[in-house]
Amino acid sequence: MLLIYFLLFLAFHVLEAHAATCNFFSDGCWVFDSSYPLYDSSACPFIQREFDCQRNGRPDQKYLSYRWQPQGCRLARFDGGDFLQKFGGKSIMIVGDSLSRDLYQSILCLLHSSVPGIKYNRTRVGSISTVTFLDFGVKVKYDLNPFLVDLIATENGTLLILDSVAEKANLWRQNDVLIFNTYQWWYYRGAKQPWQFVKVGDKISKDIDRNIALKRALGTWGQWVDSDMDPAKTRVFFQLVSPSHYDGRDWNQPEARNCADQTEPVLGSVYPGGLPPARGLQKEALSLIKKPVTLLDITHLSQFRKDGHPSIYGQDGRSGMDCLHWCVGGVPDIWNEILYNLLFIP
Ligand SMILES: *[C@@H]1O[C@H](CO)[C@@H](O)[C@H](O)[C@H]1NC(C)=O
Ligand SMILES: *[C@@H]1O[C@H](CO)[C@@H](O)[C@H](O)[C@H]1NC(C)=O
């Protein structure tokens, strides 16, 4: 009898420890599962043309049916009805660049498809878009804010201020869930670089080492989290680097110059190319924050998905080769599946 109790005790605690220690992000592989995709993208009214690969004529569909299988546990399937119910009356805001917009449009599609005939309205004030699912009072918002620190117009041109969190931050604060990302724009030069000057401390210069700038800005943002966030009210996430696929050598296919014609993920559990260095910088900067920030560490798992980008199907096949953003539906749906697990599955 005692032995049975002991075994039950052991089994219970091993299982408990198992769930608590399963890391969704570190090890795992993509598994083809014909019960995916989670929705029909042609019925989703929230996808911008650049991400709407099926509408733009992408001929293959297999990329829509892979789910992420972490080693040692199973992710619960995204359940939009459950999400809306548990999140009733609350708001989620996604802040960052166009990779955040991938996440935003995906979650809108996931929620919209979960309840037939769901009622919603949408508004846009300045850079902030909001969709409200009316019967649930659930608000999903997006703020296009690629740097998270201040970017202001001056008489001498646009100035990026690394030590001052974006003026918008007062609109971020009031949400129940916040998901940030900043990465891509720190490395833009030439016509794509939106600032002429950068201010660090009291010093204004024409340029700065971009890694140092990203780290400093994340430090500024982290101080804002520590001073302004109330962990009892708001759960803060940070979405790490989203990987691009512009060099086949990264996945042992040296003849591939980019993600064109890729219809399958890298299979197996090892990605040949290493992690992008900026992810390490992000983690280092975020580790200095005292209040809880949950990492949405999509870098490694997304690296396998050389098949997930729009490639030439980002805009009716006539414009460039996009191996940076992601098709919706597609990989961002799985980012949201992980988010759902982090938020709601004990
Ligand atoms: C959308 O719905 C919300 C919640 O009912 C309401 O406060 C808001 O005014 C509505 N916006 C528009 C543009 O109808
Ligand atoms: C613009 O440049 C001038 C000349 O360098 C300087 O005196 C002035 O303070 C600058 N203005 C701003 C807002 O930085």
Side-chain angles (χ1 to χ4, degrees), residues 39 43-48 80-95 100-101 103-179 185-186 188-210 212-214 216-217 219-220 233-235 336 343-344:
Y39 58 89
C44 178
F46 302 108
I47 310 173
Q48 72 185 78
D82 182 54
F83 189 116
L84 288 165
Q85 213 132 48
K86 288 179 173 156
F87 207 60
K90 295 190 173 163
S91 62
I92 181 168
M93 185 185 248
I94 299 171
V95 183
S100 289
R101 202 190 289 129
L103 187 75
Y104 170 67
Q105 292 177 9
S106 159
I107 198 170
L108 289 177
C109 294
L110 286 163
L111 295 176
H112 175 263
S113 64
S114 66
V115 178
I118 193 167
K119 290 192 200 65
Y120 64 90
N121 72 20
R122 39 177 147 190
T123 55
R124 183 163 173 179
V125 180
S127 63
I128 298 180
S129 311
T130 304
V131 170
T132 306
F133 292 102
L134 296 168
D135 293 334
F136 301 89
V138 168
K139 285 184 168 20
V140 184
K141 310 180 195 177
Y142 167 69
D143 179 20
L144 173 65
N145 207 307
F147 297 106
L148 307 184
V149 292
D150 254 332
L151 183 69
I152 61 166
T154 74
E155 53 186 337
N156 299 329
T158 307
L159 180 67
L160 184 62
I161 309 176
L162 298 188
D163 299 326
S164 162
V165 75
E167 204 188 333
K168 283 282 169 49
N170 60 342
L171 300 174
W172 302 341
R173 192 183 291 127
Q174 42 197 259
N175 295 283
D176 300 282
V177 171
L178 287 169
I179 307 173
W185 287 47
W186 291 98
Y188 283 155
R189 291 175 192 279
K192 286 183 111 178
Q193 173 189 313
W195 46 271
Q196 276 86 51
F197 299 93
V198 57
K199 185 173 178 188
V200 192
D202 294 330
K203 195 162 163 271
I204 294 182
S205 44
K206 288 208 105 164
D207 207 351
I208 181 174
D209 178 279
R210 304 309 177 87
I212 291 172
L214 169 61
R216 180 124 183 168
T220 302
K233 168 158 173 36
T234 303
R235 178 124 182 228
N336 277 310
L343 282 174
F344 300 120

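On a predicted model such as this, the values are computed, not experimentally measured, just so you know. Ligands are counted one by one from 1 in listed order, and the atoms in each one are counted from 1 as well.
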Engineer: I need the nearest protein heavy-atom contact for atom 7 (O) of ligand 1: residue, atom name and distance, please.
Structural biologist: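 Scanning the protein heavy atoms, the shortest distance from atom 7 (O) of ligand 1 goes to Lys139 NZ, 4.9 Å.
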Engineer: Thinking salt bridges, do Asp207 and Arg189 make one under a 4.0 Å N-O criterion?
Structural biologist: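 A salt bridge is present here (some side-chain N lies under 4.0 Å from a carboxylate O).
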Engineer: Under 4.0 Å from atom 14 (O) of ligand 2, do we find at least one protein heavy atom?
Structural biologist: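 For atom 14 (O) of ligand 2 the answer is yes, since some protein heavy atom falls inside 4.0 Å.
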Engineer: Cut-off 3.5 Å, side chains only: do Lys168 and Ser127 have a donor facing an acceptor?
Structural biologist: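 Yes, Ser127 and Lys168 have a side-chain donor paired with an acceptor closer than 3.5 Å.
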Engineer: So, taking the atom named OG1 in Thr130 and the one named CD1 in Ile92, what distance separates them when rounded to the nearest 0.5 Å?
Structural biologist: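 Those atoms lie 12.5 Å apart.
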Engineer: Which residue holds the protein heavy atom closest to atom 4 (C) of ligand 1, what is that atom called, and what is the gap in Å?
Structural biologist: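 Closest protein heavy atom to atom 4 (C) of ligand 1: Leu134 CD2, 4.0 Å.
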Engineer: Protein non-hydrogen atoms only, distance under 4.0 Å: does atom 2 (O) of ligand 2 have such a neighbour?
Structural biologist: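 Flag for atom 2 (O) of ligand 2 set to true, protein heavy atom closer than 4.0 Å.
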Engineer: Please report which non-hydrogen protein atom sits nearest to atom 9 (O) of ligand 2, along with the residue it belongs to and the distance in Å to one decimal place.
Structural biologist: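 Heavy-atom neighbour on the protein nearest atom 9 (O) of ligand 2: Glu155 OE2, 4.6 Å.
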Engineer: Which atoms of ligand 2 have any heavy atom of Asn156 under 4.0 Å away?
Structural biologist: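 Those of ligand 2 that fall under 4.0 Å from Asn156 are 1 (C), 2 (O), 3 (C), 8 (C), 10 (C), 11 (N), 12 (C), 14 (O).
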Engineer: So with a 6.0 Å cut-off around CD of Glu167, is the heavy-atom count from everything else above 12?
Structural biologist: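 No, the 6.0 Å shell around CD holds no more than 12 heavy atoms from other groups.
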Engineer: Could you check whether any side-chain N or O of Asp176 sits under 3.5 Å from a backbone N or O of Ser91, counting only pairs where one atom can act as donor and the other as acceptor?
Structural biologist: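 Checked: pair present.
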Engineer: Among protein heavy atoms, which lies nearest atom 11 (N) of ligand 1, and at what distance?
Structural biologist: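 Answer, as residue, atom name and distance: Asn121 ND2, 2.9 Å.
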Engineer: Find all atoms of ligand 1 within a distance of less than 4.0 Å from any non-hydrogen atom belonging to Thr123, and give their numbers and elements.
Structural biologist: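 Result: 11 (N), 13 (C).
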Engineer: Is the backbone of Gly126 close enough, under 3.5 Å, to the side chain of Arg124 for a donor and an acceptor to pair up by distance?
Structural biologist: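 Indeed, once roles are kept as given, a pair shorter than 3.5 Å links the two residues.
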